[in-house]
Chemist: 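I'd like to ask you about the structure that follows.
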2 protein chains.
Amino acid sequence: MRSENQPGGRSAAKAATSDADRSFIELARRAQIIDAAVGTLAEEGYAKASLARIAQRAGISKGVISYHFAGKEELLERLVEHVYGQMGAFMEPRMAAAPEPGARLRAYVESLAAYMREHRPQLAALGQVFHNMRNSEGKLRYGVATSEELYAFLEGIFREGQESGEFRPFDVRVMAVSVQAGVDAMFEYWDVHPEHDLEGHARELAELFAQAVRA
Amino acid sequence: MRSENQPGGRSAAKAATSDADRSFIELARRAQIIDAAVGTLAEEGYAKASLARIAQRAGISKGVISYHFAGKEELLERLVEHVYGQMGAFMEPRMAAAPEPGARLRAYVESLAAYMREHRPQLAALGQVFHNMRNSEGKLRYGVATSEELYAFLEGIFREGQESGEFRPFDVRVMAVSVQAGVDAMFEYWDVHPEHDLEGHARELAELFAQAVRA
DNA sequence: TGATTTTCTGACCGCATGGCCAAAACCTTA
DNA sequence: TAAGGTTTTGGCCATGCGGTCAGAAAATCA
């Protein structure tokens with residue numbers, strides 16, 4: 001159904017092309033296109049983020065996108081991968097520095113806020129894709145499965161705190177869903193109110209959940 | 001800019017036509033179209049909820065929608081009005097029965113959950129419109145201004161509790177944003193996991209915030 | 001009944017979309 | 001230089017969109 005258009009075609013046989021197999025030009029173009037897609041999604045929303053619009057922002061012709069990506073679907077998937085990778089790399093060391101459950105919860109909320117401050121368009125674009133991108137059957141492309149990992153991670157923190165007696169007993173799934181919702185809402189509120197005190201919000205939110213979980 | 005197509009044209013002069021001026025057929029058709037729009041939005045998402053799709057679900061021709069509504073924009077605005085009205089009528093008596101701040105917070109979370117259980121498509125459609133509908137300048141049609149009312153309502157509860165000493169001191173805006181986010185996330189989680197225990201989630205969520213606000 | 005108004009249909013318009021491709025331009029290597 | 005591979009262009013396609021309209025059908029009125 002989809003035509004063969006792997007650029008270069010150097011690695012003839014296999015399906016996927018790894019980054020190591022790509023030329024510098026290829027990698028740079030892909031990065032440039034992804035950046036343009038992030039900006040367009042963040043500023044104009046999912047509906048107006050057409051290939052033409054993205055190409056225009058990147059200063060290239062529309063066909064270039066089709067040349068470097070199998071289609072819009074692949075472009076958006078690479079975009080999500082890209083932002084997720086960045087975010088993980090940013091948070092990992094900060095989370096590792098907090099061993100106790102209470103401190104980890106606080107570190108999660110506050111380091112995510114720190115990332116948000118410096119990457120507003122990326123997170124806005126991610127939100128657009130998550131809320132809107134659908135597969136051919138009409139189902140959301142990034143639904144539950146994406147959040148499931150996140151929930152499991154938070155639940156691990158909660159269980160640890162409950163076992164050590166630092167946290168009270170509560171439903172860890174509801175708590176995980178609520179923490180993530182609180183963080184997402186913090187971003188969206190700040191995205192709409194750029195003058196809002198993001199760090200202050202993060203501290204209040206961390207305190208809110210510290211109170212909510214404490215034994 | 002917009003053509004005159006007030007059905008009936010009975011009330012010649014003025015701009016808006018009130019429901020009292022509409023025939024039964026007119027009101028029934030409008031309700032039928034709004035219902036079809038709700039179903040389409042809830043099941044297929046904003047992007048696929050075209051006038052053609054909505055008309056198909058309603059079993060009528062596309063032109064009928066244009067006859068009864070000035071355009072897609074008006075249809076969606078009437079849909080939001082319709083659902084909001086329903087929701088307010090459902091919650092008002094339940095909120096009135098809870099006078100103390102702590103009880104009011106609990107009543108808010110739990111009566112909203114009760115409404116959700118019986119009106120899943122309506123709330124899913126509302127979410128689609130809120131997250132996607134944009135005005136001609138590309139800005140979200142229902143943005144902050146819509147939530148502002150809700151936040152102010154919740155903040156009133158929090159301030160009352162803080163003044164009576166029932167609640168600890170905290171940032172009421174952050175708490176309001178977080179409560180609303182928790183409730184919205186509860187709906188979305190249940191929407192994706194229909195087997196999820198919605199009432200149980202609501203109780204846990206109410207308890208979560210009871211702990212978070214208590215002095 | 002016939003006349004008038006209200007409602008509905010189905011075809012059509014201009015426009016934007018994602019995708020496609022032949023031809024041109026560019027870059028590297030021989 | 002010439003040759004060959006890589007990248008870009010700009011126009012084209014089918015599809016679906018919101019909106020419009022003349023005329024048919026249905027309901028209401030006299």
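Naming: A, B, ... by sequence-line order, numbering from 1 per chain.
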Chemist: Take the protein atom CD1 of A:Ile60 and the nucleotide atom P of D:dG10, then report the distance between them rounded to whole Å.
Modeler: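 In whole Å, D:dG10 P lies 12 Å from A:Ile60 CD1.
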Chemist: Specify the separation, in whole Å, of atom CD1 of B:Ile33 and atom C1' of C:dT7.
Modeler: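 Going from CD1 in B:Ile33 over to C1' in C:dT7 covers 11 Å.
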Chemist: So if I apply the ring-ring contact (aromatic ring centres under 6.0 Å, His included) rule between A:His196 and each of A:Tyr189, A:Trp190, A:Phe187, which one comes out positive?
Modeler: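 Per the ring-ring contact (aromatic ring centres under 6.0 Å, His included) rule, the option paired with A:His196 is A:Tyr189, out of A:Tyr189, A:Trp190, A:Phe187.
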Chemist: Is it the case that the base of D:dG10 and the side chain of A:Lys62 share a donor-acceptor contact (distance under 3.5 Å, atom types as modelled)?
Modeler: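 Answer no: no donor N or O sits under 3.5 Å from an acceptor.
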Chemist: Measure from the ring center of B:Tyr46 to the ring center of A:Tyr46 and say whether it is less than 6.0 Å.
Modeler: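 B:Tyr46 vs A:Tyr46: aromatic centres not under 6.0 Å.
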Chemist: Could you give the CZ-to-P distance, from B:Arg29 to D:dA27, as a whole number of Å?
Modeler: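 In whole Å, D:dA27 P and B:Arg29 CZ are 11 Å from each other.
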Chemist: So, A:Tyr115 and A:Gln122: side-chain donor and acceptor under 3.5 Å apart, yes or no?
Modeler: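 No, A:Gln122 and A:Tyr115 have no side-chain donor paired with an acceptor closer than 3.5 Å.
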Chemist: Let's see if you can work this out: which of D:dG18, C:dT7, D:dT8 has an atom nearest to the side-chain heavy atoms of B:His68?
Modeler: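 Of the options given, the side chain of B:His68 lies nearest C:dT7.
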Chemist: Under a 3.5 Å threshold, yes or no: a donor from one side chain and an acceptor from the other, between B:Gln180 and B:Tyr108?
Modeler: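 The answer is yes; a qualifying pair exists.
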Chemist: Salt-bridge test for A:Arg173 and A:Glu148: reply yes if a basic N is under 4.0 Å from a carboxylate O, no otherwise.
Modeler: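 Salt bridge: yes.
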Chemist: When the distance from CG of A:Leu51 to P of C:dG19 is rounded to whole Å, what number comes out?
Modeler: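 Taking atom P of C:dG19 as the reference, CG of A:Leu51 is at 6 Å.
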Chemist: Could you work out which one of C:dC8, C:dG18, D:dT20 sits closest to the side chain of B:Ser66?
Modeler: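 Comparing C:dC8, C:dG18, D:dT20 against the side chain of B:Ser66, the answer is D:dT20.
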Chemist: How many whole angstroms separate atom CD1 of A:Ile54 from atom P of C:dG19?
Modeler: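 My rounded result for the distance is 11 Å.
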Chemist: For B:Glu74 and D:dG19, what is the distance between atoms CD and P respectively, to the nearest whole Å?
Modeler: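 Going from B:Glu74 (CD) to D:dG19 (P), I get 11 Å.
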Chemist: Closest to the A:Tyr67 side chain: D:dG19, C:dT7, D:dT8?
Modeler: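 Among D:dG19, C:dT7, D:dT8, the one nearest the side chain of A:Tyr67 is D:dT8.
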Chemist: Starting at CZ of A:Arg30 and ending at P of D:dT8, how long is that distance when rounded to a whole Å?
Modeler: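 Rounded to the whole Å, the gap is 13 Å.
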Chemist: Send over the distance from A:Gln56 CD to D:dG10 P, rounded to a whole Å.
Modeler: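 Checked: the CD to P distance equals 13 Å.
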Chemist: Among C:dC8, C:dG10, D:dT9, which is the nearest nucleotide to the side chain of B:Ser61?
Modeler: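 Nearest nucleotide to the side chain: C:dG10.
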Chemist: Considering only side-chain heavy atoms of B:Ser50, which listed nucleotide, D:dC17, C:dC8, D:dT6, is closest?
Modeler: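 Looking only at side-chain atoms, B:Ser50 lies closest to D:dC17.
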Chemist: Looking at A:Arg53, I'd like to know whether one of its side-chain N or O atoms comes within less than 4.0 Å of OP1 or OP2 on C:dA16.
Modeler: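 No, A:Arg53 has no side-chain N/O under 4.0 Å of OP1/OP2 on C:dA16.
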